Amino acid sequence: MKTVECVGCGGQFPEFDGPVHRYMESSPGCWAAFGEVLSREYSDPTYFEVHRLSVDAYAVQHPGLPSRQSIQSVGVHLIRLCLFLEHGLSAENANDAMLKATKLKHTFVWLEPPTSLGQFTVADVVKTGTVQAHKSAVRAWAQSAWDAWLPYHDIIRTWLSAHQGTAPVSVSASDRMEVK
Ligand SMILES: [Zn+2]
């Protein structure tokens, strides 16, 4: 089957007509490959630890055009990649972190996507044949997607620290003394 380059991630996928996501712009073949990866991950709980990395990697490799939704999607998923890859966030804590990041998403701005969005794509994941191979392909994919956004890492870290500031601040004993 003839392949075509995805407008988002730049990966090669079979060429055919089919549905695509509303704002995560891709080729139909790429969107179908992502659907296959997701259904594999939903089919077996042993995929749980990498499932969110797959979602994050796909979202930041398919930024689409500037819109409120695409800006917020890229921002939130870059923040979560930063938490996973630079702060060792566990899959168990990911929802909490996502909720906090989502609270500040209205402050995010459009980041002009880098020319290359990474050397690994969902094409490298969909072709794997075992759970272990799938997991290591997702990790390589997520890392390359995060690395591709290098020019914006400082901005993402700023957004991340801003959202951490929304967490309850612990009160020290001396502070409590002043509360009347
Ligand atoms: Zn793609």
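Order of listing sets the numbers, starting from 1, for every ligand and every atom in it. Quick caveat, the model's predicted, so the values are computed rather than measured. If you read the sequence from its start, that first residue is 1, and numbering goes on from there.
Counting only distance, with no hydrogens or angles, the side chain of W110 and the backbone of S67 share no donor-acceptor pair below 3.5 Å. H62 places a side-chain N or O within donor-acceptor distance of the main-chain N or O of Y58, the cut-off being under 3.5 Å. Remark: side-chain polar atoms of Q61 are paired, donor with acceptor, to backbone N or O of F120 under 3.5 angstrom. Using a distance-only test at 3.5 Å, with no hydrogens or angles considered, no donor-acceptor pair links the side chain of R80 to the main chain of L53. Listed for the S136 side chain is a donor-acceptor partner under 3.5 Å among the backbone atoms of Q132.
If you count the protein N, O or S atoms nearer to the Zn ion (ligand 1) than 2.8 Å, you get 4.
In this structure, H153 has its ring center under 6.0 Å from that of W146.
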